[in-house]
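Below: the structure, in structure tokens.
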Amino acid sequence: MDWWGWVILALVIIAALVVLAVVVQRKRRRGGVIGLSDPGRSDSR
Amino acid sequence: MTTPTPMLLLRASELAGRPVVTLSGDLVAEIKDVVFDRAGGRIAGFTLRNPGLFSRARKDSLPWLGVHGVGRDAVMVPDETVLTAASELAPRKQARDADVLENRVLTDNGRDLGRVVDVVLHSGASLDVVGYEVEASEALGTAGRHVFIPLPDTVAVSGENLIVPAAATEFVSEDLAGFGAAVGAFRTRLREGAS
């Protein structure tokens, strides 16, 4: 593989990592709705 | 005859990302997760993350008692002293296992109603869980569409399946605007059935 091949391979890997980071981040930012039987045990309610 | 007060409803997903601001105007954090008490169906508080696109989850959380008000654009707190350790509100391991999004909703007679895509909250003196928005299964006759299923006063959350009374299928709503009336009618039916 000549050096252009390595450049293209590196660009593809970088693009894949960026897409993965965006997907993970979107999922993290979506937040969740957590149902617990005893949330905030230190809470005085 | 009294006119029923319309319910102010919102989706839990609308709260995610909402900034937490002190009454002196300081941006403290953003809402990450909504944490509710599954026995009482009441919001117990919020987990937090730092503001910004690639922000990390914070090690503190906001208990409901520390909330001054939930507005359309921000959650207001008196000051940062109301924040407590995240482990006190929702220990990380428990929180990871107790997210109700993507869980299946089953009736108590064993019909699969669909997959939870959001949770509907009633905003009043407290924030209460009043229903699930689900991607409907074949059992509801609206397969694939998003519909709203009302919940009784006490929410049954256990494991990966969420159990609702079979009567809830008679009060399924296709839009959030009409869902408040459906929740009221459903809960009245349950109370009449119990008495």
Side-chain angles (χ1 to χ4, degrees), chain A, chain B residues 11-18 30-49 52-57 61 63-66 84-85 87-91 94-103 116-121 126 129 132 155-158 162:
Chain A
M1 191 155 62
D2 64 15
W3 70 276
W4 270 113
W6 288 110
V7 169
I8 290 169
L9 181 62
L11 288 175
V12 168
I13 290 171
I14 290 168
L17 289 174
V18 168
V19 168
L20 184 66
V22 169
V23 168
V24 169
Q25 191 62 15
R26 282 186 65 177
K27 190 169 171 149
R28 279 181 58 205
R29 292 186 70 81
R30 184 169 172 245
V33 185
I34 298 162
L36 296 177
S37 57
D38 194 14
R41 273 165 293 188
S42 66
D43 193 330
S44 58
R45 271 172 304 181
Chain B
R11 292 176 172 91
S13 63
E14 294 173 36
L15 293 173
R18 201 169 286 194
E30 288 180 355
I31 300 294
K32 181 173 177 283
D33 305 305
V34 175
V35 180
F36 72 96
D37 174 1
R38 65 189 189 191
R42 284 208 169 82
I43 297 303
F46 307 99
T47 66
L48 303 172
R49 65 176 180 234
L53 182 61
F54 290 99
S55 55
R56 296 174 64 90
S61 63
W64 177 253
L65 272 186
T84 60
S87 57
E88 288 183 20
L89 179 69
Q94 279 183 35
R96 206 171 37 234
D97 297 337
D99 193 348
V100 300
L101 299 181
E102 306 292 333
N103 284 8
V116 176
V117 294
D118 215 329
V119 173
V120 182
L121 307 174
S126 60
V129 176
Y132 296 130
V155 184
V157 179
S158 180
L162 310 173

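Lettering follows sequence order; numbering is per chain, from 1.
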>> Go through it in stages, so that I can follow the logic: the residues are I34(A) and V34(B), the test is side chain to side chain contact (heavy atoms under 4.5 Å, CB included), and I'd like the CA-CA distance, side-chain angles, deciding distance and then a yes or no.
In response: CA-CA 6 Å; I34(A) 298 162; V34(B) 175; over 6 Å; no
>> As a quick check of understanding, evaluate side chain to side chain contact (heavy atoms under 4.5 Å, CB included) for F36(B) and V33(A), giving each step before the final call.
In response: CA-CA 7 Å; F36(B) 72 96; V33(A) 185; 3.8 Å; yes
> Shortest non-hydrogen contact from L36(A) to A98(B)?
Replying inline: CD2-CB, 3.7 Å
> So, the side chain of D99(B) versus the backbone of G32(A): is there a donor-acceptor pair under 3.5 Å, distance only?
Replying inline: no
